[in-house]
Amino acid sequence: MRVLFLHCDLLEYEVREKALPSAEDLPPEKRRGRIEDALVCFISAEHEDEGDPEGIAREAVRNIEDVAQQVKATRVAIYPYAHLSSSLASSGPAKRIFGLIEERLGKTQFEVLASPFGYYKSFTVRVKGHPLSELSREIHPAGAAAREEASEAVKAEQKLVSEWFIVEPSGALHPLRLDGGMVAGFDFAGHENLRKFASYEMAKSREAKEEPPHARLMRELELVDYEPGSDPGNLRFYAKGRLVKGLLEEFVTRRMIEYGAMEVESPVMYDFEHPALQSYLNRFPARQYIVQTPNKKAFLRFSACFGQFLIAHDMVISYKQLPLSLYELTRYSFRAEQRGELAALRRLRAFTMPDCHALCADLGQAKEQLMVRFEVAWKLLEDTGFRMPEDFEVGMRVTKEFYEGNMEFVNAYARRWGRPLLMEQWSHQFFYYVFKYEWNFVDANLKAAALTTDQIDTENAKRFGITYTDAEGKERHPYILHLSPSGAIERVMYALLEKAAFDIDAGTPPMLPTWLAPVQVRLIPVSKDQLPHCEKLLAEFSGVRADLDDLGDSLNKSVRRAEKEWIPYIAVVGKKEVESGSLTVRVRSTKEQKSMRPAEVMENIARDTEGRPFRPLPLPIRLSKRPTFRG
RNA sequence: GCCACCGUAGCUCAGCCGGUAGAGCGGCGGUUUUGUAAACCGCAGGUCGGGAGUUCGAGCCUCUCCGGUGGCUCCA
């Protein structure tokens with residue numbers, strides 16, 4: 001922030017026209033102003049100030065008080081003046097900063113005149129001209145000392161008191177406490193993962209130190225890799241990885257449409273100045289990617305919320321149409337996570353997020369609909385290849401008030417889940433929701449990552465002006481549910497790979513579910529004499545992802561290669577098989593080696609993949625034609 | 001963002017006290033034509049992550065930037 005201090009006999013201004021379209025209309029008394037014998041402060045808010053409006057405003061006021069004291073001024077004028085800096089703050093944050101300065105100065109003994117922000121003004125100043133009457137200062141955002149004073153929002157969060165419980169399927173409640181770093185208050189026997197999850201959440205325990213296994217696997221399997229040419233947390237997907245991701249995307253989307261959601265598509269970037277977005281944004285100023293468009297500054301979306309809320313804002317909705325769901329799969333959502341927080345596929349800066357918002361007439365309908373979506377998500381994860389509910393641990397977050405008023409709902413949820421779950425109870429509502437749940441995957445390094453999540457949002461309908469008309473013809477704000485049925489697609493891949501890593505440790509062959517296996521069947525001729533026969537067989541495997549190892553290596557080597565690729569059905573074709581018309585197949589899931597006819601293999605795959613999307617092999621069918629993406 | 005560790009051939013890694021770079025796999029050429037997790041021989045392949053510094057001389061020491069991992073903070 002830059003400030004030019006002028007100790008003046010007189011300041012007089014008159015508003016001419018708006019300089020910013022978003023500037024608010026002014027009451028007549030604000031359109032002109034005059035102050036005599038005052039310290040006039042011309043101020044430019046700069047880009048670097050955006051991260052901490054509270055802090056910079058506090059510093060500004062401190063400086064103003066300081067200078068005013070020196071020149072013995074009792075009156076102060078604040079004059080937003082863009083021309084002191086070449087690195088201006090965006091107008092949203094700037095406006096907020098000026099508001100805060102005015103508010104804080106108002107609490108001092110000074111008489112304050114604040115000229116409006118966002119307008120062209122004509123003005124007159126007459127500077128006193130004594131040695132101290134002209135002075136400029138640069139004020140930088142909170143140094144270490146200033147940062148200790150938390151912003152209002154952070155203070156509110158700090159006041160937030162969390163209580164932790166285990167809720168059993170019976171509804172029995174067990175208050176948890178930390179006892180020497182260990183979670184106590186519940187017998188976790190038989191619920192080892194829940195203990196790990198509770199300890200991750202409550203004690204912030206980080207027990208392991210290795211790289212997560214999936215980070216290595218994703219590269220070894222030629223699925224996904226880091227991209228040093230981009231920004232951290234923006235990954236590259238090779239052909240096989242794109243296939244897996246594409247299939248998951250299709251599956252989730254199909255299930256959401258079957259559920260009844262209306263798929264929409266919204267922009268990836270939004271205008272900083274858009275009034276509906278500002279209050280939402282200002283609370284989390286440092287999290288976005290900023291992009292400079294030809295004529296404005298925009299931010300990249302960090303979820304599908306805005307896009308869908310802005311659509312919902314313009315929709316005409318009757319209570320008869322509720323509940324009503326909008327769905328979008330964002331490719332991508334962007335969050336400028338701190339460097340140290342990124343972790344391969346678990347935590348990214350650019351990720352693919354299915355997001356489904358349901359507008360509900362009232363709390364009753366919201367609770368009912370939440371459980372409908374619970375079933376959709378449960379089935380989706382189960383059909384993807386997870387064990388439900390064993391692969392996940394529920395984190396449920398509620399306000400105390402919600403819990404006490406809706407105990408039956410919480411208990412019904414716990415009964416449906418069928419296993420004990422972790423509940424965090426907040427003393428008061430700090431976030432926009434009163435109820436939220438996540439299904440967390442606990443990985444080999446004992447880290448928890450949320451996949452499925454749904455929330456009951458009581459605030460954003462008001463904030464974004466989303467309304468429906470009720471039976472009496474009155475406009476009402478709906479409750480909004482925020483469901484991500486699977487969580488980020490990359491995170492689903494992470495969980496599947498981490499699950500496979502558990503199998504490696506347990507000594508069972510790791511694999512992806514057959515419907516996601518990049519190659520489902522590999523044909524390996526014992527010698528090149530069987531190649532023509534294999535070529536013919538390929539035609540029989542239409543509708544599955546089959547390929548042919550025609551590299552001419554030894555059988556041992558070819559089998560090893562196929563095993564390392566986690567191929568579920570490896571079919572060896574030698575002299576015997578050509579004569580009998582059968583295949584000798586290694587079935588990965590059962591470790592069996594048995595003689596099967598091609599039709600049987602097809603039936604097995606059809607059974608494994610029933611109801612899931614299919615995509616053809618996105619690679620050359622003959623290995624001799626296939627490049628390696630990495631060594 | 002802070003602290004620590006790491007970055008050498010496409011991949012996985014070795015490289016001593018600072019003296020000018022090595023293996024295996026993969027690729028290419030040849031021999032072999034194989035019955036269920038790596039046949040054999042040969043060849044090519046390196047700004048030692050980028051930049052700056054110290055030094056007669058830097059993969060090795062110093063600074064800085066980039067990338068990765070772990071911890072902290074964070075996760076709307």
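Below, chains carry the letters A, B, ... as their sequence lines are ordered, and counting in each starts from 1. Because the structure is predicted, anything quoted here is derived from the model rather than measured. Side chains included, hydrogens not; waters and symmetry mates left out as well; all remaining heavy atoms used.
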Distance, [atom1] atom - from [M] to [N], rounded to whole angstrom:
{"N": "B:C16", "M": "B:A58", "atom1": "C1'", "answer": "16 Å"}
{"N": "B:U73", "M": "B:G57", "atom1": "C1'", "answer": "45 Å"}
{"N": "B:A9", "M": "B:C56", "atom1": "C1'", "answer": "30 Å"}
{"N": "B:C72", "M": "B:A44", "atom1": "C1'", "answer": "48 Å"}
{"N": "B:G30", "M": "B:A23", "atom1": "C1'", "answer": "23 Å"}
{"N": "B:A52", "M": "B:G15", "atom1": "P", "answer": "28 Å"}
{"N": "B:G7", "M": "B:C61", "atom1": "P", "answer": "10 Å"}
{"N": "B:C60", "M": "B:C41", "atom1": "C1'", "answer": "36 Å"}

Counterpart base for [N], defined by Watson-Crick or G-U wobble contacts under 3.5 Å:
{"N": "B:C60", "value": "none"}
{"N": "B:A14", "value": "none"}
{"N": "B:U31", "value": "B:A39"}

Out of [options], which nucleotide sits closest to the side chain of [X]?
{"X": "A:Val526", "options": "B:U34, B:U36, B:G1", "answer": "B:U34"}
{"X": "A:Val572", "options": "B:G35, B:A76, B:U33", "answer": "B:G35"}
{"X": "A:Lys575", "options": "B:U12, B:G35, B:U73", "answer": "B:G35"}
{"X": "A:Asn556", "options": "B:A39, B:G70, B:A76", "answer": "B:A39"}
{"X": "A:Leu555", "options": "B:C11, B:U34, B:A76", "answer": "B:U34"}
{"X": "A:Tyr226", "options": "B:A37, B:G1, B:U69", "answer": "B:U69"}

Which of A:Arg626, A:Gln520, A:Arg622 passes side-chain hydrogen bond (donor to acceptor under 3.5 Å, both in side chains) with A:Asp547? It is A:Arg626

Determine whether any donor atom in the side chain of [X] lies under 3.5 Å from an acceptor atom in the base of [N], or the reverse, and answer yes or no.
{"X": "A:Arg339", "N": "B:C74", "answer": "no"}
{"X": "A:Glu337", "N": "B:G1", "answer": "no"}
{"X": "A:Glu563", "N": "B:U36", "answer": "no"}

Under 4.0 Å, counting only non-hydrogen atoms across every strand here, what does [X] touch: a base, just sugar-phosphate, or nothing?
{"X": "A:Lys557", "value": "sugar-phosphate"}
{"X": "A:Ala562", "value": "nothing"}
{"X": "A:Ser558", "value": "nothing"}
{"X": "A:Arg561", "value": "nothing"}
{"X": "A:Glu577", "value": "base"}

The residue, A:Tyr433 or A:Pro232, whose nearest nucleotide of RNA chain B is more 5′ is A:Pro232

By nearest-nucleotide position on RNA chain B, the 5'-leaning member of A:Arg560 and A:Thr628 is A:Thr628

Carboxylate-amine/guanidinium contact A:Glu498 A:Lys447, below 4.0 Å: no

query: Taking NZ, NE, NH1 and NH2 as the nitrogens, is one of them in A:Lys564 or A:Glu220 under 4.0 Å from a carboxylate oxygen of the other?
result: no

For [N], does OP1 or OP2 lie under 4.0 Å from any side-chain N or O of [X]?
{"X": "A:Lys591", "N": "B:U36", "value": "no"}
{"X": "A:Ser554", "N": "B:U34", "value": "no"}
{"X": "A:Arg586", "N": "B:A37", "value": "yes"}

Quiz item: Aromatic ring centroids of A:His313 and A:Phe464 under 6.0 Å?
Solution: no

How about A:Glu565 and A:Arg522: do any of their side-chain heavy atoms sit closer than 4.5 Å?
yes

With syn defined as a glycosidic angle within 90 degrees of 0 and anti as anything else, the base of B:C25 is anti

Only residue of A:Phe431, A:Phe435, A:Tyr437 satisfying ring-ring contact (aromatic ring centres under 6.0 Å, His included) with A:Tyr433 is A:Phe431

(request) Would you indicate whether A:Glu401, at its atom CD, is surrounded by more than 12 heavy atoms from other residues, nucleotides or ligands within a distance under 6.0 Å? (result) no

